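What you see is a predicted model; the values in this text were computed from it and never measured. In what follows, every heavy atom counts, from backbone to side chain, and hydrogens, waters and symmetry copies are set aside.
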Amino acid sequence: MNQAGVYRELAKEFEEKNGVAVKVIEVEEADDALLKDADAAADVIRLPHDQLGQLVESGSVYENEKYADQVTKENIPMAIQASSYKDKLYGYPASTDAMFLYYDKRVYNEQDLRTLDSLTKKGKVGLNLAEAGADYRLTPWFIANGALLYGEDGEDVTDTTLNNEQGLNVLKWVGNARKNPNIVALNADEISALQDGKISALFSGVWNAQNVEKILGKNMGTVVYPKANFGDGEINLKAFSGVPIFVVNAATKNPSKAMDLAEFVTNKEAQLKVFKEINTVPSNKEARESETVQSDPLAKTVTEATTPEHSVLMPKLPEMKNFWPNMNALLVDSYEGVVKVDQMQQKLDKLVRDVSKPAK
């Protein structure tokens with residue numbers, strides 16, 4: 001069953017219990033639909049949490065007034081942070097996600113997986129360093145090493161320190177990665193590279209679980225990111241964590257019923273149902289700790305990966321649209337050798353200036 005299918009089932013349950021007709025529709029860019037014509041958009045919308053800032057700033061979403069205490073109590077803190085903006089709760093968290101490491105158990109043992117250095121010495125590792133998406137994969141490594149992107153909570157446009165010494169050391173590592181034959185730059189071709197034996201480990205997410213398992217079978221292992229030392233001491237590498245959330249359209253004619261629906265499709269029972277159908281790992285505390293989730297090795301890895309020790313919540317400021325293209329260009333150019341070591345500090349300084357400009 002696909003995502004829309006399981007939510008249609010939940011919508012039908014809500015209809016039967018509440019006597020309210022619910023229609024489930026699929027759209028490519030839910031945030032765009034809401035911003036362009038709120039009156040024509042759905043009453044309750046599912047979207048990635050990082051779009052929340054722009055929607056709140058535009059007045060497009062209704063504050064979670066009816067279920068704020070309940071949602072806050074039942075979900076993990078990271079999910080509540082993702083569903084909030086400027087200390088107000090707007091969203092209803094549906095699940096959690098973060099990237100992790102897939103590996104071939106025939107190549108790596110537990111000790112090999114402990115650090116980035118030991119990992120890349122033992123076998124060939126796939127990592128996107130040279131294409132669109134390098135920003136998503138590598139920015140959390142800068143943050144893990146002591147740099148900031150929009151402050152400690154991701155909501156301060158004036159507090160980005162990717163150009164500090166710790167950030168510079170990570171960028172130097174990126175520049176040197178091309179010299180390491182065991183670090184293989186890839187992205188969309190990561191599954192074919194695994195299939196062809198060009199790599200034996202890759203940093204990816206749940207979206208690739210079926211593909212990787214098809215290739216590795218019982219030899220598929222999953223684990224949180226390893227530790228690393230970029231010259232500033234050993235740290236846990238981190239991935240961006242993401243939280244799909246439901247929000248209520250500020251233009252809804254019936255905000256009370258819309259909030260009821262948003263809560264219904266994200267409560268404990270709903271999150272467990274969705275997990276069973278499409279493998280999204282719950283944000284609900286009890287659901288995460290349930291036997292259903294904890295007995296699944298992949299879900300258990302994602303549960304660990306979405307803790308503060310192993311991930312950092314993707315910022316949701318509107319200014320992120322300035323950040324992505326600037327960061328990706330710098331990472332790719334540094335990996336390709338276009339940006340030399342003696343230019344990196346200057347480039348990082350410019351990056352910080354560019355991404356600190358208010359979004360237009």
Modelled atom types, side-chain donor and acceptor of [X] and [Y], under 3.5 Å:
X: Thr266; Y: Gln271; value: no
X: Ser283; Y: Asn75; value: yes
X: Asn211; Y: Lys214; value: no
X: Glu190; Y: Asn208; value: yes
X: Asp104; Y: Ser200; value: no

When you measure from the side chain of [X] to the backbone of [Y], do you find a donor-acceptor pair of N or O atoms at a distance under 3.5 Å?
X: His49; Y: Ile245; answer: no
X: Lys238; Y: Pro308; answer: yes
X: Asn229; Y: Ile235; answer: no
X: Asp156; Y: Glu152; answer: no
X: Lys340; Y: Gly337; answer: yes
X: Ser192; Y: Asp189; answer: yes
X: Ser311; Y: Ala305; answer: yes
X: Asn109; Y: Gln111; answer: yes

Determine the sole option in [options] for which the side chain to side chain contact (heavy atoms under 4.5 Å, CB included) test with [X] is passed.
X: Asn163; options: Leu171, Leu351, Leu168, Val352; value: Val352
X: Phe264; options: Glu13, Met259, Glu269; value: Glu13
X: Asp43; options: Val248, Thr252, Leu261, Asn254; value: Thr252

(request) Classify the angle between the aromatic ring planes of Trp324 and Tyr136 as parallel (below 30°), tilted (30 to 60°) or perpendicular (above 60°). (result) tilted
(message) Just to verify, what does Asn187 make a side-chain contact (heavy atoms from CB on, under 4.5 Å) with, not counting sequence neighbours?
(response)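 side-chain contact (heavy atoms from CB on, under 4.5 Å) list for Asn187, sorted by chain: Asn128, Glu131, Arg137.
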(message) Going by salt bridge (Lys or Arg N to Asp or Glu O under 4.0 Å), name the pairs with one or both residues in residues 279-304, residues two or more places apart or in two chains.
(response)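 Only Lys268-Glu286 qualify under salt bridge (Lys or Arg N to Asp or Glu O under 4.0 Å).
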Give, for atom [atom1] of [X] and atom [atom2] of [Y], the distance between the pair rounded to the nearest 0.5 Å.
X: Lys86; Y: Leu52; atom1: NZ; atom2: CG; answer: 11.5 Å
X: Asn145; Y: Leu237; atom1: CG; atom2: CG; answer: 8.5 Å
X: Asn169; Y: Phe230; atom1: CG; atom2: CZ; answer: 9.0 Å
X: Tyr150; Y: Thr158; atom1: OH; atom2: OG1; answer: 11.0 Å
X: Gln345; Y: Lys350; atom1: CD; atom2: NZ; answer: 14.5 Å
X: Ile183; Y: Thr120; atom1: CD1; atom2: OG1; answer: 5.0 Å

(message) Tell me whether Leu10 shares a hydrophobic cluster with Val20, the cluster being built from Ile, Leu, Val, Met, Phe, Trp, Tyr side chains joined at under 4.5 Å.
(response) yes
(request) Determine whether Val174 and Val355 fall in the same hydrophobic cluster, where Ile, Leu, Val, Met, Phe, Trp and Tyr are linked whenever their side-chain heavy atoms lie under 4.5 Å apart. (result) yes
Going by an N to O cut-off under 4.0 Å, is there a salt bridge joining [X] and [Y]?
X: Arg178; Y: Glu336; result: yes
X: Asp117; Y: Lys121; result: yes
X: Lys23; Y: Glu15; result: no

(request) Check side chain to side chain donor-acceptor pair (under 3.5 Å) between Ser256 and all other residues, then give those that pass, not counting sequence neighbours. (result) Lys66
(request) List in chain and number order the residues that pass side chain to side chain donor-acceptor pair (under 3.5 Å) with Glu155, two or more places apart in sequence or in another chain; answer none if no residue qualifies. (result) Lys316
(message) Pair Leu162, Val170 - check side chain to side chain contact (heavy atoms under 4.5 Å, CB included), show working.
(response) CA-CA 10 Å; Leu162 296 172; Val170 178; over 6 Å; no
How close do [X] and [Y] get, heavy atom to heavy atom, and via which atoms?
X: Ser58; Y: Leu55; answer: OG-O, 2.9 Å
X: Leu116; Y: Pro226; answer: N-CB, 3.7 Å
X: Tyr92; Y: Glu263; answer: CD2-N, 3.9 Å
X: Ala185; Y: Ala130; answer: CB-CB, 4.2 Å
X: Gly146; Y: Thr161; answer: O-OG1, 4.5 Å
X: Ala132; Y: Asn328; answer: CA-ND2, 3.5 Å

Do [X] and [Y] touch side chain to side chain, with heavy atoms closer than 4.5 Å?
X: Val312; Y: Ser241; result: no
X: Phe323; Y: Thr139; result: yes
X: Ser60; Y: Leu35; result: yes
X: Tyr103; Y: Asn219; result: no
X: Ile143; Y: Leu148; result: no
X: Tyr62; Y: Asn249; result: no
X: Glu319; Y: Lys357; result: no
X: Lys276; Y: Val6; result: no

(message) Between Asn236 and Tyr225, is the side chain to side chain contact (heavy atoms under 4.5 Å, CB included) condition met? List the steps.
(response) CA-CA 7 Å; Asn236 285 329; Tyr225 279 14; over 6 Å; no
(request) Could you walk me through whether Met327 and Phe142 pass the side chain to side chain contact (heavy atoms under 4.5 Å, CB included) test, one step at a time? (result) CA-CA 11 Å; Met327 185 63 168; Phe142 287 73; 3.7 Å; yes
(request) May I ask you to check whether Tyr7 and Phe246 place their ring centers less than 6.0 Å from one another? (result)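 Judged by ring-centre distance (under 6.0 Å), Tyr7 and Phe246 do meet the cut-off.
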(request) Verify whether the ring centers belonging to Phe203 and Trp141 lie closer than 6.0 Å. (result) yes
(request) Carefully, step by step, assess Tyr90 and Val56 under the rule side chain to side chain contact (heavy atoms under 4.5 Å, CB included). (result) CA-CA 8 Å; Tyr90 292 89; Val56 173; 3.5 Å; yes
(request) Count the heavy atoms belonging to other residues, nucleotides or ligands that lie under 6.0 Å from CG of Asp87, then report whether that count exceeds 12. (result)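 No - once you tally the heavy atoms of other residues, nucleotides and ligands closer than 6.0 Å, there are 12 at most.
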(request) Considering only Ile, Leu, Val, Met, Phe, Trp and Tyr, and joining two whenever side-chain heavy atoms are under 4.5 Å apart, list the other residues clustered with Met220. (result) Phe100, Tyr102, Val184, Leu186, Ile191, Leu194, Ile199, Leu202, Val206, Val212, Ile215, Leu216, Val281, Leu298, Val302
(request) Quick one: name the residues clustered hydrophobically with Val293, using the 4.5 Å side-chain heavy-atom rule over I, L, V, M, F, W, Y, and just say none if it's on its own. (result)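 Leu272, Phe275, which link up through side-chain heavy atoms under 4.5 Å apart, make up the rest of the cluster.
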